[in-house]
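So the structure is just underneath, and the comments pick up after that.
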Amino acid sequence: MTETNTWSNRFETALNPMIATFNASIPFDIILLPYDIQGSIAHAKMLAKTGIISEEEATQLVQGLQEILTEYENGEFHPDINEEDVHFAVEHRLTAKIGEVGKKLHTARSRNDQVGTDLRLYLQDKITHLRANLRHYQQALLNLAENHIDTLIPGYTHLQRAQPISLAHHLLAYWEMAQRDWERLGDVAKRTNISPLGCGALAGTTFPIDRDYTANELGFNDIYRNSLDAVSDRDFVIEFLNAASLIMVHLSRFSEEIIFWSSQEFNFVTLKDSCATGSSIMPQKKNPDVPELIRGKTGRICGHLQGMLMVMKGLPLAYNKDLQEDKEGLFDSVKTTESCLEAMTILLTEGLEFRKQRLEEAVAEDFSNATDVADYLANKGVPFREAYNLVGEVVKTSLAAGKLLKDLTLEEWQAIHPQFENDIYEAITPKQVVSARNSYGGTGFKEVRNAIEIAKTLTT
Ligand code: ARG
């Protein structure tokens with residue numbers, strides 16, 4: 001910019017350079033350029049359709065805008081900081097290219113409805129990408145689950161071994177979370193997909209515009225009813241950040257498990273070289289950097305959600321410059337959530353090897369079949385609470401004797417309760433313990449197979 005300022009002749013001196021930089025959003029909002037051009041093209045066509053400008057003028061505007069998009073895509077568009085933001089940068093470039101007619105583009109529009117339009121178009125696009133990323137992640141979970149229906153793993157409550165489960169069942173729990181995430185993003189999209197274009201600075205416009213036309217051109221499903229609300233609403237950003245935070249929280253929980261599964265203490269999983277890193281001084285180490293980074297990045301995304309809630313709190317109607325603060329956290333959340341989903345998908349596809357032998361030992365070396373002993377007696381008519389207390393005693397005496405339940409002799413069993421018979425041994429093998437839990441949603445192999453089929457139909 002060569003003039004003293006960007007706005008109007010009302011200003012006599014140029015901005016202090018530090019303040020110009022402080023005020024500018026161009027370093028980060030430049031990524032909105034394709035959406036800004038898209039919005040401006042729809043606006044220019046609308047201006048011609050309603051007779052506000054001529055067809056010939058609209059054609060020139062549209063052509064100029066398309067050329068700017070090409071310049072941007074070819075890496076030839078480098079606005080400087082004095083342009084302030086992407087909207088001014090495009091408008092100035094347009095006028096430089098096509099002359100005076102370029103100055104007509106901003107008729108019946110403000111940067112306030114413009115930036116709202118751009119941001120919504122951007123987010124729509126990103127939501128579509130993220131939902132595709134979620135589908136890839138779900139597919140990786142499903143593939144792994146299908147290979148591990150018969151692999152048993154200890155199931156925990158309070159991080160204490162509780163009951164053995166099918167590894168597939170465990171993986172499918174994360175599939176379910178991702179399914180809710182996918183649905184939630186679809187829901188956010190519904191309220192992102194509403195056009196504020198034509199609401200002007202805050203109060204609408206004196207020109208005979210056609211808001212439905214621009215909304216249709218841009219693929220919006222609806223238009224805002226109230227112009228004040230339209231230019232200052234960022235609920236859709238907050239809703240998105242909430243959805244992104246939940247995706248991250250889910251990935252982070254899974255990451256935490258992978259981290260301790262890969263520790264020497266658990267030793268349930270081996271990290272393959274393509275997805276693990278080494279230490280600079282301890283040659284024996286293999287570090288789970290990928291899940292650790294996902295767990296770590298989760299804090300940042302949840303922080304962006306809090307940040308945006310705080311931007312909105314106390315914001316009077318309508319547009320305030322505070323709203324420029326909606327962008328960096330949003331852009332970072334989109335990029336980070338996308339990359340975490342991709343990294344986790346790769347980790348699941350090629351980075352993990354479950355140690356079957358170790359898992360088999362793990363489920364056989366504890367008292368996680370105690371509930372099944374109680375169930376065994378309850379099935380023979382002993383009231384469950386009484387059976388539960390009896391088994392509690394057995395666990396206590398076995399622990400003291402350094403024995404597992406499978407090591408008790410039939411005499412010992414029958415001394416506890418005469419209803420015990422030889423089939424108690426089969427009833428408490430880890431495999432049988434898992435297999436028997438065929439209530440809907442349980443870990444029984446039949447149920448898990450069923451769940452995999454349902455998951456398949458829900459994702460295709
Ligand atoms: N760069 C601004 C933003 O991101 C665009 C809107 C500016 N509007 C204004 N009235 N200053 O919010």
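By convention here, the first residue in the shown sequence is residue 1.
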Under 6.0 Å between the ring centres of Trp175 and His170?
-> no

Given the side-chain rings of Phe331 and Tyr122, with only the six-membered ring counted for Trp, is the space between their centroids under 6.0 Å?
-> yes

In Å and rounded to the nearest 0.5 Å, what is the CG to CG distance from Leu309 to Asn242?
-> 8.5 Å

Between the OG1 atom in Thr459 and the CD atom in Gln179, the distance rounded to the nearest 0.5 Å is 7.0 Å

Between the CZ atom in Phe445 and the OG atom in Ser166, the distance rounded to the nearest 0.5 Å is 6.0 Å

Is there a donor-acceptor contact under 3.5 Å from the side chain of Arg295 to the main chain of Ile259?
-> no

Side chain of Asp222, backbone of Ile194: donor and acceptor closer than 3.5 Å?
-> no

Minimum side-chain heavy-atom gap Ile37-Tyr72 below 4.5 Å | no

Given Glu328 and His304, is the side chain to side chain contact (heavy atoms under 4.5 Å, CB included) satisfied, shown in steps?
-> CA-CA 9 Å; Glu328 286 157 289; His304 290 323; over 6 Å; no

Would you say Lys335 has more than 12 foreign heavy atoms packed within less than 6.0 Å of its NZ?
-> no

Give a yes or no on this: more than 12 heavy atoms of other residues, nucleotides or ligands lie within 6.0 Å of atom NZ of Lys403.
-> yes

Can you check side chain to side chain contact (heavy atoms under 4.5 Å, CB included) on Leu65 and Asp36, steps first, answer last?
-> CA-CA 10 Å; Leu65 287 164; Asp36 196 71; over 6 Å; no

For the residue pair Tyr137 and Phe254, does the interplanar ring angle fall in the parallel (under 30°), tilted (30 to 60°) or perpendicular (over 60°) class?
-> tilted

For Pro196 and Arg120, work out which heavy atoms get closest and say how close.
-> CG-NH1, 3.6 Å

Heavy-atom donor-acceptor pair, Ser262 side chain to Thr270 backbone, under 3.5 Å | no

Look at the side chain of Gln414 and the backbone N and O of Glu411, then say whether any donor-acceptor pair between them is shorter than 3.5 Å.
-> no

Do Ser40 and Arg109 have side-chain atoms, one donor and one acceptor, less than 3.5 Å apart?
-> yes

How about Glu257 and Tyr156: does a side-chain donor come under 3.5 Å of a side-chain acceptor?
-> no

Hey, does Asn112 have a side-chain heavy atom less than 4.5 Å from the side chain of Leu202?
-> no

Please table the atom pairs, donor to acceptor, closer than 3.5 Å between any side-chain atom in residues 389-397 and protein atoms at least two apart or in another chain.
{"from": "Asn389", "atom 1": "ND2", "to": "Arg385", "atom 2": "O", "distance (Å)": "3.3"}
{"from": "Thr397", "atom 1": "OG1", "to": "Glu393", "atom 2": "O", "distance (Å)": "3.2"}
{"from": "Thr397", "atom 1": "OG1", "to": "Val394", "atom 2": "O", "distance (Å)": "3.0"}

Is the His148-Phe354 ring centre distance short of 6.0 angstrom?
-> yes

Could you grab the distance from atom CZ of Phe220 to atom CD of Gln124, nearest 0.5 Å is fine?
-> 7.0 Å

Examine distances only and state if a side-chain atom of Gln419 and a backbone atom of Lys380 form a donor-acceptor pair shorter than 3.5 Å.
-> yes

For Glu67 and Thr70, test the side chains for any donor-to-acceptor distance below 3.5 angstrom and give the result as yes or no.
-> no

Please confirm whether the backbone N or O of Glu84 pairs with a side-chain atom of His87, one donor and one acceptor, at under 3.5 Å?
-> no

Indicate whether the side chain of Thr371 and that of Gln163 have a donor and an acceptor atom separated by less than 3.5 Å.
-> yes

Can you find a heavy atom in the side chain of Leu347 that is under 4.5 Å from one in the side chain of Pro291?
-> yes

Which atoms form the tightest heavy-atom contact between Ala455 and Leu142, and what is the distance?
-> CB-CD2, 3.8 Å

May I have the step-by-step check of salt bridge (charged side-chain N to carboxylate O under 4.0 Å, His left out) for Lys456 and Glu453, ending in yes or no?
-> CA-CA 5 Å; Lys456 279 185 188 163; Glu453 287 318 307; 3.7 Å; yes

Is Asn438 reaching over with its side chain to a backbone N or O of Ser435, donor-acceptor style, under 3.5 angstrom?
-> yes

Would you find more than 12 non-hydrogen atoms of other residues, nucleotides or ligands less than 6.0 Å from His417 atom NE2?
-> yes

Between Tyr376 and Phe420, is the gap from one ring center to the other below 6.0 Å?
-> yes

Mind listing the closest non-hydrogen atom pair of Val363 and Ser368 along with its distance?
-> O-OG, 4.2 Å

Would you confirm whether Lys286, through its side chain, and Leu271, through its main-chain N or O, come within 3.5 Å as a donor-acceptor pair?
-> yes

Is there a donor in the side chain of Asp229 and an acceptor in the side chain of Tyr224, or the other way round, less than 3.5 Å apart?
-> no

Is the closest side-chain heavy-atom distance between Ile238 and Met312 below 4.5 Å?
-> yes

Test side-chain contact (heavy atoms from CB on, under 4.5 Å), reference Thr337, set Asp332, Ile247, Leu251, output is Ile247

Any side-chain heavy-atom pair of Met308 and Arg234 under 4.5 Å = yes

Which heavy-atom pair separates Pro430 from Ala364 by the least distance, and what is that distance?
-> CG-CA, 4.2 Å

Does NZ in Lys431 sit with more than 12 non-hydrogen atoms of other residues, nucleotides or ligands closer than 6.0 Å?
-> no

Arg161/Asp366 salt bridge by N-O under 4.0 Å criterion | yes

Validation row: Phe77, Ile30 side chains within 4.5 angstrom (heavy atoms) | yes

Kindly check if the number of other-residue, nucleotide or ligand heavy atoms within 6.0 Å of CZ (Arg253) is above 12?
-> no

Is atom NZ of Lys313 surrounded by more than 12 heavy atoms (other residues, nucleotides or ligands) closer than 6.0 Å?
-> no

Any side-chain heavy-atom pair from Asn320 and Pro316 closer than 4.5 angstrom?
-> yes

Between Asp85 and Arg111, is a side chain to side chain contact (heavy atoms under 4.5 Å, CB included) present by the stated rule, with each step listed?
-> CA-CA 10 Å; Asp85 60 23; Arg111 277 185 301 156; 2.6 Å; yes

Passing candidate, side-chain contact (heavy atoms from CB on, under 4.5 Å) with Leu218, options Asn193, Ile41, Leu121 | Leu121

Is there a donor-acceptor contact under 3.5 Å linking the side chains of Asn287 and Thr277?
-> no

Are Met344 and Ile258 close enough that some pair of their side-chain heavy atoms sits under 4.5 Å apart?
-> yes

Determine, for Asp372 against Arg437, whether the closest basic-nitrogen to carboxylate-oxygen distance falls under 4.0 angstrom.
-> yes

Assess whether side chain to side chain contact (heavy atoms under 4.5 Å, CB included) is satisfied between Leu130 and Lys126, documenting all intermediate values.
-> CA-CA 6 Å; Leu130 263 174; Lys126 297 300 169 186; 5.6 Å; no

Checking Arg184 side chain against Glu239 main chain: does a donor-acceptor pair fall under 3.5 Å?
-> no

CG on Leu134 to CZ on Arg131, rounded to 0.5 Å | 8.5 Å

Tyr388 atom OH, over 12 foreign heavy atoms within 6.0 Å | no

Return yes if a side-chain donor-acceptor contact under 3.5 Å exists between Asn369 and Lys406, otherwise no.
-> no

Can you tell me how far CG of Leu141 sits from OG1 of Thr345, rounded to the nearest 0.5 angstrom?
-> 8.0 Å

